[in-house]
Amino acid sequence: NAGVMQNPRHLVRRRGQEARLRCSPMKGHSHVYWYRQLPEEGLKFMVYLQKENIIDESGMPKERFSAEFPKEGPSILRIQQVVRGDSAAYFCASSPSGRYDEQFFGPGTRLTVL
Amino acid sequence: QQQVKQSPQSLIVQKGGISIINCAYENTAFDYFPWYQQFPGKGPALLIAIRPDVSEKKEGRFTISFNKSAKQFSLHIMDSQPGDSATYFCAAPGGTSGSRLTFGEGTQLTVNP
């Protein structure tokens with residue numbers, strides 16, 4: 001059973017460009033969480049999605065950030081007009097049920113904004 | 001909301017020694033307290049977790065001690081090995097339904113050979 005997959009693993013963007021991060025949950029998992037890890041810091045919750053629904057986006061910056069988890073295909077975290085402060089590791093976790101004790105993390109996407 | 005405070009920020013121990021990392025939380029509404037291990041360039045991986053119906057849980061060389069009244073829990077790594085060198089995060093459920101995890105700031109553990 002493949003784990004949570006994220007791509008790309010590394011992404012370099014110039015200021016003002018768009019970044020699209022993808023997360024494919026584990027098979028049978030319909031709940032996806034996105035976390036951001038700034039350098040030398042812990043993980044910070046961004047958004048929790050279930051298929052086609054955003055359940056909790058209270059950790060998401062109000063502007064430039066959006067997330068979706070369509071009926072078919074991976075979950076997408078989209079960052080528009082990136083700035084240097086967006087440079088971080090973005091981790092996706094998936095869960096079969098939405099329970100907090102069943103979150104499995106992917107390897108992350110490391111975003112560098114030049 | 002949930003707040004989690006972790007200490008120390010970094011820890012250096014000798015091979016064979018005991019590593020102890022502490023965590024304090026605020027919100028007592030939920031009943032699950034995990035520790036995650038993260039190696040450089042990798043995602044966090046669940047190491048061990050405890051529910052507050054017990055005060056201690058042991059899995060191999062890793063033990064969680066839980067103090068419900070003090071709202072604290074700690075990770076003990078016995079017979080620490082160089083391969084244990086990693087960053088360790090404690091976490092606690094948060095949000096209205098507890099579905100999100102709130103993480104501590106992390107402890108960078110170095111085990112010298």
d(A:Y35 OH, B:L101 CG) to nearest 0.5 Å is 4.0 Å
Whatever's closer than 4.5 Å to a heavy atom in chain A on B:P44 counts as both
- Item | Greater than 12 external heavy atoms within 6.0 Å of B:E105's CD | yes
To the nearest 0.5 Å, atom CD of A:Q37 lies from atom OG1 of B:T87 at 8.0 Å
Notebook entry, point to check: Should we say atom NZ of A:K44 is surrounded by more than 12 heavy atoms from elsewhere, each under 6.0 Å from it?
Noted result: yes
- Give a yes or no on whether B:R51 atom CZ has more than 12 heavy-atom contacts from other residues, nucleotides or ligands under 6.0 Å away. yes
Report yes if the distance between the aromatic ring centroids of B:F103 and A:F45 is under 6.0 Å, otherwise no.
no
Notebook entry, point to check: Just wondering, more than 12 heavy atoms not from A:Q17 lying within 6.0 Å of its CD?
Noted result: yes
Interface check, chain A: of B:Q38, B:Q9, B:Q6, most non-hydrogen pairs under 4.5 Å belong to B:Q38
* Asked: Does CD in B:Q108 sit with more than 12 non-hydrogen atoms of other residues, nucleotides or ligands closer than 6.0 Å?
  -> no
In this structure, CZ of B:R100 is separated from CD of A:Q103 (nearest 0.5 Å) by 11.0 Å
